[in-house]
2 protein chains.
Amino acid sequence: MIGVTNLSRHYRMGPTTVKALDSVTFGIQSGEFVSIVGPSGSGKTTLMNILGCLDSPTGGSYILAGEETASLTSDKRAEIRGRRIGFVFQNFNLLPRENSLENVELPMIYQGIPSRVRKERARDMLRKVGLEGRERHVPSELSGGQRQRVAIARALAGDPAIILADEPTGALDTRTGGEIMELFHSLNRDGTTLILVTHDPLIARRARRVIQIQDGKILADVPSGEW
Amino acid sequence: MIGVTNLSRHYRMGPTTVKALDSVTFGIQSGEFVSIVGPSGSGKTTLMNILGCLDSPTGGSYILAGEETASLTSDKRAEIRGRRIGFVFQNFNLLPRENSLENVELPMIYQGIPSRVRKERARDMLRKVGLEGRERHVPSELSGGQRQRVAIARALAGDPAIILADEPTGALDTRTGGEIMELFHSLNRDGTTLILVTHDPLIARRARRVIQIQDGKILADVPSGEW
Ligand SMILES: Nc1ncnc2c1ncn2[C@@H]1O[C@H](COP(=O)(O)OP(=O)(O)OP(=O)(O)O)[C@@H](O)[C@H]1O
Ligand SMILES: Nc1ncnc2c1ncn2[C@@H]1O[C@H](COP(=O)(O)OP(=O)(O)OP(=O)(O)O)[C@@H](O)[C@H]1O
Ligand SMILES: [Mg+2]
Ligand SMILES: [Mg+2]
């Protein structure tokens, strides 16, 4: 389903080049649950942005469901992002003037889902992440962990084939984080591919496989029991 | 140094009132190291914003260094924020068009510190949080954990009497988070008052005292060994 070969992402800053990703290679099958771990600044978000078709590599190849993403039109990439992938961003990226319900509905609007069904699914997903009673709050009227949970609900409400979650429990207490992980696990049991960046070793170990990143390179790619 | 009595913060939303803080009472002495813990949405950031003179309570009193903050002019509150308090925000609040060095210098500009000294201190603090080589990056060119560390460096560079840190290791891997905690600990040993919101029980326990918050109320206020 996902095939990454010699993938690189470089940033030129004057005379220096920052190698955020430096020739990484791996594959992920449909339905897998993979954790991506590594120190701050090691390249995890850079990798997630390329996997989510939000950014293009400067070198190498990314094949998604049989298609080389480099050759896709920007419309086609937008469609993949809208329909196949649910993305939980590290900094949430909520629309500041829309309330929780409207933020969660957004991907489903792009999928052409009718309004009544969208609102019902959005309400349901907000309830599942513990945000009943916060539907009408805009992001500035929510706590940090509540904003994170709106971002999670938004990624899940459209029932995507692949979930890319960039530190989805970073702003949550242990108990709320555990409830979110249960939600992710049940979706994965139903066949959703789950790729999760985390700093929390306890969360990383609950995946079946761990990819360890450092300085833009893959340090290890092992079953979670061996990590 | 800090005396909070029946402190409340309510938000009216149409017919409902959200009691983000509901009559909390406690004192913190100069030089203490206190952790504030509690579930997502329990009122921690709301409390920190009042302690940092960024927000006013709707009820009760907050006495800081002998002065009732409610009676301070807004100039006086700005001066306290600029000179006495170093605040690490949960969502960082960096200036998007300024690079790391400029962001860290900002509080020292308000303190009237000359440019050469500011730059030297800013560079030194960025090095202490592991961001050497990232001085010229603006926030969009930094990872999540790097932005968090710029926010930390900014709070510390002005050598404040009180550090208010709202989940300062939330975006950091265990090792980098540990280095940041060492930095906080050494400042506390030198006499800086440290009030730290955290979701991480391991970090909470390293404080001498833990205040546990739930639904805007204090559930417990105990030595960390008993928590
Ligand atoms: N636009 C950019 N220009 C220059 N350097 C960049 C840019 N974006 C990211 N970087 C650098 O690339 C490296 C990898 O960044 P990335 O955001 O992928 O790290 P990360 O592993 O997600 O870190 P964290 O755990 O802190 O979120 C970092 O060192 C960062 O400074
Ligand atoms: N402007 C506002 N209007 C209405 N409700 C608000 C507003 N700001 C915060 N709240 C509510 O007040 C409660 C406390 O928020 P606060 O940000 O203090 O929580 P927190 O303990 O910091 O949570 P987290 O751990 O998720 O960061 C939350 O339930 C939130 O929805
Ligand atoms: Mg990141
Ligand atoms: Mg908070």
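We name chains A, B, ... by the order of the sequence lines, and we start the count at 1 in each one.
Looking at every heavy atom in both residues, Gly38(A) comes nearest to Asp173(B) through O-CB, 4.2 Å. Taking both residues in full, the closest heavy atoms of Gln90(A) and Ala171(B) are given as NE2-CB, 4.4 Å, listed atom of the first, atom of the second, then distance. Of all heavy-atom pairs between Gly170(A) and Glu167(B), the closest is O-OE1, 4.4 Å.
Among Thr45(A), Leu172(A), Thr198(A), the residue making the largest number of heavy-atom pairs under 4.5 Å with chain B is Leu172(A). Considering only heavy-atom pairs separated by less than 4.5 Å from chain A, the leading option among Gly145(B), Ser42(B), Gly43(B) is Gly145(B). Counting heavy-atom pairs closer than 4.5 Å to chain B, the top residue among Arg175(A), Gln146(A), Met13(A) is Met13(A). Ranked by non-hydrogen atom pairs under 4.5 Å with chain A, the options Pro201(B), Gly144(B), Gly133(B), Gly130(B) are led by Gly144(B).
Residues passing the side chain to side chain contact (heavy atoms under 4.5 Å, CB included) test with Glu182(B) are Arg206(B), sequence neighbours excluded.
Here the side chains of Asn91(B) and Arg147(A) are in contact, with some heavy-atom distance below 4.5 Å. For the pair Thr176(B) and His199(A), the minimum side-chain heavy-atom distance is 4.5 Å or more.
Counting heavy atoms of neighbouring residues, nucleotides and ligands inside a 6.0 Å radius, atom CG of Asp124(B) exceeds 12 of them. Counting heavy-atom neighbours within 6.0 Å of Arg77(B) CZ, excluding the residue itself, gives a total above 12. For CZ of Arg81(A), the number of neighbouring non-hydrogen atoms (other residues, nucleotides, ligands) closer than 6.0 Å is greater than 12.
The contact between Ser143(A) and chain B is made entirely by side chain atoms (from C-beta outward), counting heavy-atom distances below 4.5 Å. Of the two parts of Gln148(A), neither the backbone nor the side chain holds a non-hydrogen atom closer than 4.5 Å to a non-hydrogen atom of chain B.
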Query raised in the report: Step by step, would you call His137(B) with Val18(A) a side chain to side chain contact (heavy atoms under 4.5 Å, CB included)?
Result: CA-CA 11 Å; His137(B) 288 232; Val18(A) 175; 4.1 Å; yes
